[in-house]
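Numbering starts at 1 and runs along the sequence shown.
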Amino acid sequence: MRNAILLHGLPSEQEYYNPDYPSASNSHWFPWLQKELLINEIKADTPEVVRPFEMEWNSWVQEVERFPLLPDTTLVGHSMGGGFWVRYMSERPDLYVDKLVLVAPWLNIDHEYDSNFFDFEVDTALINRTKDMIIFYSDDDNSSIQDTIVFLRQKFPKATFKEFQGYGHFTQRSLPDNRFQELLDVIL
């Protein structure tokens with residue numbers, strides 16, 4: 001059975017502790033996508049990193065490694081979750097997956113945060129360890145995401161880049177609803 005791992009981004013500490021906000025793995029389009037994948041016979045897991053705002057690399061690794069990473073796995077990462085998958089795949093040259101899908105990926109290229117989370121060398125050959133690498137971005141996302149897209153285009157010119165108009169950071173604030181049909185379509 002195919003599986004997918006859907007990895008959230010970086011909530012603020014305030015959002016993380018606010019009981020009125022859903023957890024990072026249960027916000028935006030994650031619950032909808034997980035359900036749609038299950039309906040389509042794809043086991044979908046949504047890891048929840050504890051205190052993700054601390055940007056502690058080993059916490060993220062420990063959480064995702066609870067799930068099977070196999071040649072028929074699809075990895076999906078939103079924002080920092082997308083950046084995480086780039087580093088994770090870069091540091092594991094023996095890991096092969098079916099698809100790598102990055103949604104508004106963020107790599108802290110402009111050093112917005114003082115963190116070593118993204119201190120690594122990008123392995124440009126990681127694209128050869130997946131059948132498809134798809135990168136979603138919006139024309140109106142913030143500059144740090146736009147900088148990451150430029151960087152990824154240079155590193156992975158053979159990846160599929162899908163530009164959207166007016167989708168912002170692909171969150172509840174910028175999408176018409178919590179559905180993300182385009183993402184589901186590329187996974188299926």
Side-chain angles (χ1 to χ4, degrees), residues 3-38 42-69 73-89 91 97 99-110 112-118 120 134-138 140-149 152 164 167-184 186-187:
N3 74 310
I5 301 173
L6 317 175
L7 188 57
H8 62 77
L10 178 66
S12 70
E13 186 173 358
Q14 179 184 5
E15 286 174 322
Y16 182 81
Y17 285 112
N18 186 335
D20 295 330
Y21 279 72
S23 66
S25 68
N26 287 298
S27 62
H28 313 303
W29 38 265
F30 281 86
W32 174 84
L33 181 62
Q34 183 180 34
K35 177 67 175 177
E36 289 296 316
L37 291 173
L38 290 169
I42 299 172
K43 182 180 183 313
D45 292 300
T46 55
E48 186 73 49
V49 178
V50 176
R51 299 176 58 87
F53 54 85
E54 291 179 345
M55 298 177 71
E56 170 57 42
W57 174 253
N58 291 329
S59 295
W60 288 69
V61 170
Q62 182 179 355
E63 181 58 24
V64 302
E65 288 184 345
R66 294 185 320 109
F67 304 97
L69 294 154
T73 300
T74 295
L75 303 177
V76 177
H78 177 241
S79 194
M80 186 171 162
F84 170 88
W85 287 129
V86 173
R87 178 176 175 183
Y88 190 84
M89 293 274 308
E91 294 181 350
V97 297
K99 292 179 184 171
L100 176 59
V101 185
L102 311 176
V103 179
W106 178 67
L107 287 168
N108 198 31
I109 289 171
D110 54 3
E112 191 176 339
Y113 288 84
D114 181 23
S115 169
N116 64 359
F117 194 93
F118 291 118
F120 73 103
I134 305 137
I135 301 170
F136 288 75
Y137 67 99
S138 181
D140 62 341
D141 207 337
N142 66 56
S143 63
S144 64
I145 302 299
Q146 301 299 339
D147 292 345
T148 298
I149 296 301
L152 292 173
F164 293 82
Y167 275 43
H169 197 53
F170 299 88
T171 63
Q172 289 171 307
R173 292 179 210 103
S174 56
L175 295 176
D177 57 32
N178 287 335
R179 294 184 205 129
F180 194 173
Q181 187 64 47
E182 299 91 343
L183 178 55
L184 177 62
V186 300
I187 296 171

To the nearest 0.5 Å, atom CD of Q14 lies from atom CZ of F53 at 11.5 Å
(request) Would you sort out whether F118 and V86 count as a side chain to side chain contact (heavy atoms under 4.5 Å, CB included), showing the intermediate values? (result) CA-CA 9 Å; F118 291 118; V86 173; over 6 Å; no
Separation between OG1 (T73) and NZ (K43), nearest 0.5 Å, reads 10.0 Å
Margin query: Quick check on Q172: does its CD atom have over 12 non-hydrogen neighbours (other residues, nucleotides or ligands) under 6.0 Å away?
Written below: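 For Q172, atom CD is crowded (more than 12 foreign heavy atoms under 6.0 Å).
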So, taking the atom named CG in D114 and the one named CG in N108, what distance separates them when rounded to the nearest 0.5 Å?
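Between atom CG of D114 and atom CG of N108 there are 9.0 Å.
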Inset, instruction - Kindly give the heavy-atom pair with the smallest separation between P47 and H8, and that separation in Å. - result: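 Looks like O-CD2, 3.3 Å.
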Heavy-atom nearest pair, Q34 first then A44, reads NE2-O, 2.7 Å
Would you call the rings of F136 and F170 parallel, tilted or perpendicular, taking 30° and 60° as the class edges?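 The arrangement is perpendicular - the two ring planes meet at more than 60°.
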Taking only distance into account, with no hydrogens and no angle test, what donor-acceptor pairs under 3.5 Å do side-chain atoms of residues 175-183 form with protein atoms, sequence neighbours excluded?
unit_1, atom_1, unit_2, atom_2, d
D177, OD1, R179, N, 2.8
Q181, NE2, D185, OD1, 2.8
E182, OE2, Y167, OH, 3.0

On a heavy-atom basis, the closest approach of P105 and L152 is CG-CD1, 3.6 Å
Can you spot which of V49, V64, L10 makes a side chain to side chain contact (heavy atoms under 4.5 Å, CB included) with F84?
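Checked V49, V64, L10 against F84; only one passes side chain to side chain contact (heavy atoms under 4.5 Å, CB included): V64.
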- Query: What pair of heavy atoms forms the shortest contact from E91 to W57, and how long is it?
  - Reply: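 Where E91 meets W57 most closely, the heavy atoms are OE1-CZ2, 3.7 Å.
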inquiry  = Once rounded to the nearest 0.5 Å, what's the spacing between atom CG of L107 and atom CD of E112?
reply    =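 Nearest 0.5 Å value for the CG-CD distance: 12.0 Å.
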Quick one: does any side-chain atom of T148 pair with a main-chain N or O of S144 as donor and acceptor, under 3.5 Å?
yes
request  = Determine the interplanar angle of the H78 and W29 rings, folded into 0 to 90°, and report it as parallel if under 30°, tilted if 30 to 60°, perpendicular if over 60°.
outcome  = perpendicular
Nearest atoms (heavy-atom pairs only) where I109 meets D147
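Residues I109 and D147, closest heavy atoms: CD1-O, 3.8 Å.
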message: L75 and side chain to side chain contact (heavy atoms under 4.5 Å, CB included): which single residue from L7, L102, L69 fits?
response: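 Result: among L7, L102, L69, L69 is the only option passing the side chain to side chain contact (heavy atoms under 4.5 Å, CB included) with L75.
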**OP:** Using modelled atom types only, decide if a donor and an acceptor are shared between the side chain of D45 and the backbone of I5 within a distance under 3.5 Å.
**Re:**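 No: the side chain of D45 does not pair with the backbone of I5.
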Exercise. Where do S79 and H169 land on the side-chain hydrogen bond (donor to acceptor under 3.5 Å, both in side chains) test, with the steps shown first?
Worked result: CA-CA 8 Å; S79 194; H169 197 53; 2.9 Å; yes
**Message:** Tell me if a side-chain donor or acceptor on S138 pairs with a main-chain N or O of D141 at a distance below 3.5 Å.
**Reply:**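 Absent.
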Test ring pair (Phe, Tyr, Trp, His ring centres under 6.0 Å), reference W106, set F117, W85, Y113, output is Y113
From CZ (R51) to CD (E13), nearest 0.5 Å |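 Going from CZ on R51 over to CD on E13, the span is 6.0 Å.
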Sorted by chain and number, sequence neighbours left out, side-chain hydrogen bond (donor to acceptor under 3.5 Å, both in side chains) with E48 holds for S23, S25
Handout entry: Donor-acceptor side-chain pairing of Y16 and E54 below 3.5 angstrom
Key =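 Looking only at side-chain atoms, E54 and Y16 do not form any donor-acceptor pair under 3.5 Å.
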Task: Least distance between heavy atoms, I187 atom then K99 atom - done: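 Smallest interatomic distance, heavy atoms only, reads O-NZ, 3.0 Å.
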Report the distance from atom CG of L37 to atom OG1 of T74, rounding to the nearest 0.5 Å.
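The distance works out to 8.0 Å.
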